[in-house]
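A quick write-up on the structure given underneath.
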Amino acid sequence: MDTRKISFDILKRIETENAYVGEVLDSALRTMQFSDKRDRAFITRLVEGVIERKLSLDFLIEKMSKQKNGGSKTGNKKSKNINIVIILRMGIYQIKYMDFVPDRAAISEMVELTKELGFEGLSGYVNAVLRNISRLKDDNKLDSYLVSKMDVRYSTPEWLCKFLVDTYGKEIAKEILEDQYRDHDTVVRINQLKTDKEELRRSFEQSGIKVKDGILSDRCLRISGYDSVRRLPGYKTGAFVIQDETSVYTVENIGIKPGDKVLDMCAAPGGKSLLAYELSADDKAIGTIVSRDISESKLEKIQENSERLGVPVRIIADEDDINSLEERYQPGINLQLSDATELDGDIISLPEDERFDIVISDVPCSGLGIIGRKNDIKYHMSPEIMEELSRQGLDILKNAAQYVKKGGRICFSTCTINPAENGDVVRKFLDSCQSTEQSFEIIEEKTFLQGIDGSDGFYFCIMKSC
């Protein structure tokens with residue numbers, strides 16, 4: 001298998017389609033599920049690493065090109081050819097960050113790939129740039145190129161580095177930025193409807209998987225040293241679901257009781273809804289969970305996870321009106337296509353004491369809390385998009401307030417660490433309530449910072465309707 005050519009094709013598609021690495025890489029790996037796991041691991045490491053370090057790699061390409069060509073326009077043209085840029089990114093990443101790949105092999109393979117793609121005339125340029133990188137590494141001089149500027153050092157856009165420094169101070173900002181390059185365990189939440197922690201731990205350990213306890217929730221284990229989630233013991237039988245501990249901790253603390261009616265407004269891929277069901281079900285009562293999202297593909301993901309975990313699930317069709325929640329929804333997971341930014345007139349037409357006990361609003365956000373797991377979010381985000389997301393979050397939160405009964409609770413959450421999308425939204429919402437008959441009090445509010453709290457970055461605020 002030509003792992004480097006496959007990696008190039010994946011990276012080329014990501015670049016030309018401005019696509020997210022997870023979507024393209026997952027699609028490619030599914031076609032290779034029966035290939036050698038070492039080949040899949042190599043491709044994953046190379047593709048994710050190149051994307052993760054893209055700004056740093058491009059900085060080195062530009063530096064080496066100018067040195068080789070004396071700053072000439074010819075050198076500039078070569079370094080702007082996207083095919084050659086991708087090849088050089090791959091080569092430099094292998095030399096700098098993949099110690100198990102000999103420099104000579106990395107250089108040779110990239111030169112051959114250049115020729116294979118029809119750029120034989122540029123193979124000498126590729127060879128020269130990569131050999132120069134290798135020499136600088138051997139002389140312990142390569143790192144000196146990358147330490148001067150924070151954006152280059154952490155391969156993170158300059159505006160985002162400044163934002164983090166301005167928001168959290170330089171030292172915490174450095175911890176947040178460095179965390180994206182640390183190894184992160186995968187967090188699994190035990191499906192207590194089917195198994196328990198010790199049984200799942202044993203099955204993992206018997207398969208050679210490294211297991212640690214969660215730090216925020218007893219329902220969680222942290223695992224590493226495995227090939228594919230779908231091949232983990234217990235995956236097919238629904239013994240667990242992938243869900244970060246911050247999310248689990250949040251749902252555990254909302255106050256969901258057996259028999260509660262819960263609305264999850266932006267539910268995909270379903271982790272919060274499924275845990276809400278588990279918390280709302282006992283021998284005497286089963287909760288009714290309404291899981292909504294904006295597209296059928298998102299609902300299909302929730303349905304897939306529900307069925308795998310053995311949770312009853314049904315699809316709700318649109319209806320003209322509704323006389324009660326019990327009339328439309330049944331105990332278990334109820335999937336419903338819905339745009340959370342649009343107010344549901346059917347629900348607000350109900351008497352206030354007949355609405356939902358719990359409303360979960362895990363709103364679309366900038367994702368700055370998970371840049372260590374989704375390493376290309378930082379390239380797709382901007383201050384303008386973050387500002388729009390904060391406005392959207394406020395709209396969704398205002399709608400959520402209309403759906404909860406008196407004495408019920410709202411949970412507003414995001415996977416970002418941008419205060420403008422988090423606490424600022426909550427304060428604006430609470431201020432807006434002063435001109436209405438609604439009143440809410442904060443029960444619990446917390447921001448988790450990656451690199452500081454041992455988890456992904458995450459924010460939640462639980463409020464009670466008074």
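Throughout, residue positions are numbered sequentially from 1 according to the sequence presented.
No salt bridge links E245 with K212; every basic N to acidic carboxylate O contact stays at or beyond 4.0 Å. With salt bridges taken as basic N to acidic carboxylate O contacts below 4.0 Å, one links D344 and R292. A salt bridge does not link K162 with D151: none of the charged nitrogens is closer than 4.0 Å to a carboxylate oxygen. Using a 4.0 Å cut-off between charged nitrogen and carboxylate oxygen, R89 and E15 count as a salt-bridge pair. Using a 4.0 Å cut-off between a side-chain N of Lys or Arg and a carboxylate O of Asp or Glu, R201 and E198 qualify as a salt bridge.
With a 4.5 Å cut-off on side-chain heavy atoms, K141 and R135 do not count as touching. Within the 4.5 Å cutoff, the side chain of I370 has no heavy atoms near those of the F458 side chain. Taking the side chain as every heavy atom from C-beta outward, K378 and P157 approach each other to under 4.5 Å.
For an aromatic pair to be called close, the ring centres must be under 6.0 Å apart, and F204 with F240 satisfies this.
With 3.5 Å as the limit, one finds a donor-acceptor pair spanning the side chains of R4 and Q94. Side-chain atoms of D453 and S455 form no donor-acceptor pair, as typed in the model, at a separation below 3.5 Å. In summary, the side chains of T341 and D395 do not present any donor paired with an acceptor at a separation below 3.5 Å, with no hydrogens or angles considered.
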> Could you walk me through whether S306 and Y277 pass the side-chain hydrogen bond (donor to acceptor under 3.5 Å, both in side chains) check?
Replying inline: CA-CA 10 Å; S306 299; Y277 172 81; over 6 Å; no
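By the side-chain contact (heavy atoms from CB on, under 4.5 Å) test, P364 is found to be paired with C266, L389, Q392, I396, residues two or more places apart in sequence or in another chain being considered.
Sparse packing is recorded around CG of D218, with 12 or fewer heavy atoms of other residues, nucleotides or ligands lying under 6.0 Å away.
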Under 3.5 Å, side-chain donor or acceptor atoms of residues 45-57 against the rest of the protein: list the pairs with distances, not counting sequence neighbours.
unit_1 : atom_1 : unit_2 : atom_2 : d
R45    : NE     : Y93    : OH     : 3.3
R45    : NH2    : Y97    : O      : 2.6
S56    : OG     : V152   : O      : 2.4

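Under a cutoff of 6.0 Å and an axis angle of 45°, K446 and F448 form a cation-pi pair.
Atom CD1 of I176 is separated from atom CD of E178 by 11.0 Å, given to the nearest 0.5 angstrom.
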